[in-house]
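Notes for the one structure printed next.
All residue numbers in this chain count up from 1 along the given sequence. Scope of the values below: all heavy atoms of this structure, side chains included, with no hydrogens, waters or symmetry mates. What you are looking at is a predicted structure, and each value in this text was computed from that prediction instead of being measured.
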Amino acid sequence: MSVFATKPVSIIYVNAKELKSRRDIGDDDNAFLELNGCYNHTSKVYYESGFDTGKRQKDVVAMDSPIRCRYEANRNFYSKGCTRYLGTVSSSSSSSSRSIIPNVEMRGITLRQLRAVYVNIERRCTIEGWKNDKGDILTPDNVNMYDVNRYIIKPFTCTSKKSFVESLPSTAGTQPPRWYISHWWGDSVKDFISCLETHMHDFWMNDSNDHDQRGGGMTIDTPVWVDAFAHNQWNKNNNQDTSQLSLIKVMDIANGRMISILDKNSVAFQRIQTFYDLYLALTSRHSITSVWAIYTAYDNQYTRGGHYEDVRNAVGIISGDGATADRSSTVDRERLFPLQLILQSLGVGIENAKASVENDRVRILNTIAGRPEEELHDEPFASHENYDLMNILVRAAFASSMGILQTAHREGGDCWARVLDALSKGIMTKSMKFHFNDAGWDEITTEQASQLIASLPLTLESLTLRHATFGYDYVDSLAEWIEKNNNIKGLDIWNSTVGDRDGGKKAGSRLARALASNSSIIEMEIIGTDLIGSRNASHWADAMTSNTTLKALYCGGLAEQASRINQETIATLDTQLIPYSMYGVTHHSFLVGGIFTDGVLSNDGMKALAAGIASNQSLEKISFDSHGIGKDGIAALNKALLKNKTITELKMRGKNYKNEKSRAEFEVAIDKFRQDAKTRNPKLHIHTCG
C-alpha cells in the first residue's frame with residue numbers, strides 16, 4: 001500500500017447518479033438500451049499515488065442525454081483539476097433528437113460511449129448467437145470491429161442513416177478528438193478497449209504545459225477518433241468521410257497525437273493503413289511535437305520502484321518522455337511490453353503490407369513515395385527511400401524505449417543486436433536518459449554498454465548518462481559518437497568513473513578531444529567523475545580553446561567522496577585504487593595524497609584549465625564543485641575571467657578544508673575575485689559556498 005494513501009480518491013470519474021428508472025426506456029428486448037439509456041460499470045478506486053486500493057466503485061452510467069466532452073487541466077495526485085470542455089453543443093442535441101456533425105474529423109468517441117458498446121456486446125453476443133463472416137460462433141472476447149459494424153453500428157444507425165457518434169443520444173455536439181486511434185479492424189474489441197482504458201490511466205495527469213501538449217488530462221468523456229464510429233457506414237463512398245484530407249484534419253485536431261493499437265499477433269503492422277496513419281502524423285503541421293503511443297492488450301503486474309503494484313490489462317510504449325502519469329517510472333512500465341511483439345515489429349516492412357482493397361494499398365504506397373496525384377493509381381515502386389524511412393520509424397519506436405532496451409540486453413544475442421540496429425537508425429528520438437544503477441541494467445557488460453553507446457541515434461539532442469563504471473572503451477565509444485553527432489546540445493555525465501591508475505586521465509582526455517571537434521554541444525555537465533582532474537586539465541583547456549558552441553560547463557569532482565574514505569581501510573589495502581560507493585554503485589579511483597587524482601582539480605589543474613577558459617569565445621556559465629581549488633587556483637581563474645568577455649555567471653564551491661587557515665585563504669581569494677568582477681564588462685555574477 002502506498003505511503004501516500006492517506007485517503008482513497010477515484011481518478012476515473014464515473015460518479016453517475018443512480019438511474020434505475022431509466023431502464024424503463026425499454027424492456028429486456030431493447031437491443032440498444034446501453035446506448036440509449038444507461039449501463040452498469042465497475043471501476044477501480046485509486047490512491048493519490050495512482051495505484052489500486054483494491055476497492056471497486058459500482059456506477060450506473062447515463063447515456064440517454066447529451067454529455068459534453070471534456071478533459072482536465074491542472075490535474076495531479078492532489079487536485080482534480082479544472083474542466084476544459086471540447087467542441088460545440090449542437091442545437092439539435094436533446095433526448096429526442098440526435099446531433100448533426102457534418103465534418104467527420106469532429107466525430108470523436110469517448111470511453112464512456114465505448115464502454116457502452118462493449119457492455120452491449122457482453123449482453124447480446126452469446127444469447128443472440130452472433131457469428132463472424134466465416135460463420136464461426138462468436139464470444140464477447142473475440143468480437144472484432146467487423147462484427148461490431150454488423151451487429152451494432154449498422155442496426156443502431158439504420159434509421160438515422162448517420163454515423164454512430166452522431167446517432168448516440170449522449171453526443172452533445174462536435175467531439176474533437178484529443179488522440180487519433182490507428183488500429184486493425186480484425187482485433188478484439190475487448191482488447192481494443194482495454195488498451196484505451198490503460199491509456200486513459202497513463203495519461204490522466206495534466207499539471208504542466210508539457211503534459212497538456214502530450215495529451216494529458218484524459219477522462220471517460222475525452223474523445224478519441226476511431227474510424228468505424230466516425231464514418232457514416234451507410235455512405236462509405238462519401239468523399240468527405242474517406243478522403244485523405246479528412247484524416248489530415250483529424251491528425252491536425254489531435255495535434256499529431258496518435259495511438260496505434262497493436263494486436264497480439266502484430267497484424268496491425270502488416271497492414272498498409274498503419275503505415276499511412278504514421279505517415280500522416282509525421283507530415284502533419286504538428287510533427288515536431290507529435291506523440292506516438294503503441295499499446296497492446298497484455299495482462300501484467302506493474303511494479304513501480306519495487307514497491308507499488310497494479311494489475312493491468314494492457315501496456316504501452318510512448319515516444320518522448322513517456323506517459324504523463326509515469327512520474328519517472330516509464331522504464332518500469334514499458335519493460336513489461338511483450339518481447340514477442342517487439343521482435344515481430346523489428347521485422348516489419350511497408351513493401352509487404354496488405355490492404356483489404358488493393359487500390360488502397362496502391363494509393364497509399366504511391367502517396368508515401370511522394371508521387372504526383374496523376375500517378376497515385378500507377379503500379380507502386382518495388383522499393384523507395386520513403387518506404388525505408390517508414391520501416392525505420394516503426395522499428396526505432398520500439399528500440400528507443402528504455403524498458404525495451406533493458407529487456408533486449410537481458411535476452412542478449414540476436415535480440416540485442418537487432419534492437420541496437422533499429423535504435424541506431426532512429427530519426428525521431430531527441431532525448432535519452434540512462435541510469436545504469438537501475439535494476440533493469442543488472443549484469444550489463446562493458447561490451448554491451450559500449451555497443452549501446454555506439455548505437456545511439458545521431459538525432460539525439462540531449463543525452464544523460466549516470467552511474468556508469470564500464471572503463472575506457474565505453475568512454476571511447478561515447479567520444480566517437482560525439483564526434484559524429486551534429487545535433488547533440490546537452491550532455492550530462494554523472495557519478496560515472498573509469499577507474500584504474502591512468503584510466504580516468506586517459507578517458508577524460510579522449511572525451512576532451514571529442515568536445516574540441518564538436519560543433520553543436522551547448523551545455524555539458526560532468527559531475528562526480530574521474531574524467532576531469534589535474535592530470536588531464538591541459539587537454540580540457542585545449543578543448544575550451546577549440547570549441548565554439550559550449551555555453552555552460554558544470555564540473556563536479558570527487559573531493560567529497562575522497563574525504564569520506566576510511567583511512568584505516570586504506571591502510572589495509574595493497575593498492576591505491578580505492579573502492580567507494582555512490583548511489584549504490586561501487587566505484588574504484590586512484591588515491592594519492594588523500595585525493596582522487598583524476599577526479600579533482602588542484603591549484604595546478606585549475607591554472608592549466610584557466611588558460612583555455614580565458615581564450616574561449618562561447619562560454620556563458622561555469623561551475624566548479626567538490627574540487628581541491630585553493631587561493632592560487634582561484635587567482636588563476638580570476639585572471640582568466642578578466643580576459644574572457646562572454647562568461648557572466650560563476651558558481652564555486654570550495655573543498656572540505658581541514659583547517660581554518662585554508663578556509664580563510666579561500667574566502668580572501670573569492671573576495672578579491674568579487675572586487676575585480678565589479679569593473680568587468682560584461683558583469684560577472686559569482687555564487688559561492690563551502
Side-chain angles (χ1 to χ4, degrees), residues 402 431-438 441 444 446 448-457 460-485 487-500 503-518 520-533 535-537 539-540 543-544 547 549-561 580-589 596-601 605 609 619 621-627 651:
M402 202 62 59
S431 175
M432 296 192 79
K433 297 178 181 179
F434 294 89
H435 292 231
F436 289 108
N437 64 339
D438 185 274
W441 292 115
I444 184 172
T446 296
Q448 284 182 318
S450 300
Q451 292 169 343
L452 173 62
I453 296 300
S455 301
L456 293 176
L460 282 187
E461 296 177 1
S462 174
L463 175 62
T464 297
L465 302 167
R466 298 192 176 184
H467 314 294
T469 57
F470 302 119
Y472 176 83
D473 289 345
Y474 164 84
V475 178
D476 184 53
S477 295
L478 175 61
E480 286 186 7
W481 180 81
I482 291 171
E483 289 168 341
K484 296 182 214 174
N485 192 327
N487 295 301
I488 186 70
K489 294 178 175 61
L491 176 63
D492 296 351
I493 305 174
W494 282 49
N495 306 323
S496 299
T497 59
V498 178
D500 203 355
K505 171 189 172 183
K506 181 182 176 183
S509 297
R510 177 70 182 93
L511 192 60
R513 291 198 301 273
L515 176 63
S517 66
N518 182 272
S520 63
I521 292 180
I522 295 174
E523 181 175 306
M524 192 170 188
E525 296 185 12
I526 304 182
I527 296 174
T529 81
D530 58 1
L531 298 172
I532 299 182
R535 296 203 297 170
N536 63 12
H539 296 152
W540 283 100
M544 294 297 101
N547 185 277
T549 60
L550 188 66
K551 294 183 181 297
L553 173 65
Y554 303 96
C555 178
L558 295 172
E560 288 191 14
Q561 278 72 28
Y580 59 97
S581 177
M582 286 194 294
Y583 297 92
V585 177
T586 299
H587 299 255
H588 293 80
S589 294
F596 291 128
T597 56
D598 293 326
V600 173
L601 288 168
L609 185 61
L619 275 171
K621 299 178 181 180
I622 55 174
S623 173
F624 298 97
D625 183 10
S626 196
H627 286 284
K651 293 183 178 180

Check your understanding: Per the side-chain contact (heavy atoms from CB on, under 4.5 Å) rule, which among Ile522, Leu491, Leu515 passes with Leu550?
Key ->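 Going through Ile522, Leu491, Leu515 one by one, the side-chain contact (heavy atoms from CB on, under 4.5 Å) with Leu550 is satisfied by Leu515 alone.
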**Study point:** Donor-acceptor contact present, side-chain Asn536 to main-chain Gly533, <3.5 Å
**Key:**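 Looks like yes, one N/O pair under 3.5 Å.
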Review point. Any donor-acceptor pair under 3.5 Å linking the side chain of Asn437 with the backbone of His467?
Key: no
Within a strict 4.5 Å, meaning less than it, do heavy atoms of the [X] and [Y] side chains meet?
X: Phe624; Y: Leu601; answer: yes
X: Ile493; Y: Ile527; answer: no
X: Leu478; Y: Leu463; answer: yes
X: Leu553; Y: Glu525; answer: no

Working to the nearest 0.5 Å, report the span between [atom1] of [X] and [atom2] of [Y].
X: Thr469; Y: Asn495; atom1: OG1; atom2: CG; result: 11.5 Å
X: Ile488; Y: Asn518; atom1: CD1; atom2: CG; result: 8.0 Å
X: Thr446; Y: Gln451; atom1: OG1; atom2: CD; result: 11.0 Å
X: Ile526; Y: Met524; atom1: CD1; atom2: CE; result: 3.5 Å
X: Leu452; Y: Ile444; atom1: CG; atom2: CD1; result: 6.0 Å
X: Lys489; Y: Ser520; atom1: NZ; atom2: OG; result: 6.5 Å

Point to revise | Ser623 versus Asp625, side-chain donor and acceptor atoms under 3.5 Å | key: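 Looking only at side-chain atoms, Ser623 and Asp625 do not form any donor-acceptor pair under 3.5 Å.
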Point to revise | Criterion side chain to side chain contact (heavy atoms under 4.5 Å, CB included) on Thr549 and Asn547, from CA distance to verdict | key: CA-CA 6 Å; Thr549 60; Asn547 185 277; 3.5 Å; yes
Exercise for review: Using the six-membered ring of Tyr554, assess whether NZ or CZ of Lys621 lies under 6.0 Å from its centre and within 45 degrees of the ring axis.
Suggested key: no
Exercise for review: Output, in order, the C-alpha distance, side-chain angles, deciding distance and verdict of side chain to side chain contact (heavy atoms under 4.5 Å, CB included) for Leu511 and Trp540.
Suggested key: CA-CA 9 Å; Leu511 192 60; Trp540 283 100; 4.1 Å; yes
Check your understanding: Parallel, tilted or perpendicular: which fits the ring planes of Phe434 and Trp441, with parallel below 30° and perpendicular above 60°?
Key -> tilted
Exercise for review: Output, in order, the C-alpha distance, side-chain angles, deciding distance and verdict of salt bridge (charged side-chain N to carboxylate O under 4.0 Å, His left out) for Arg510 and Glu483.
Suggested key: CA-CA 11 Å; Arg510 177 70 182 93; Glu483 289 168 341; 2.9 Å; yes
Review point. Less than 4.0 Å between a side-chain N and a carboxylate O, is that true for Arg535 and Asp598?
Key: yes
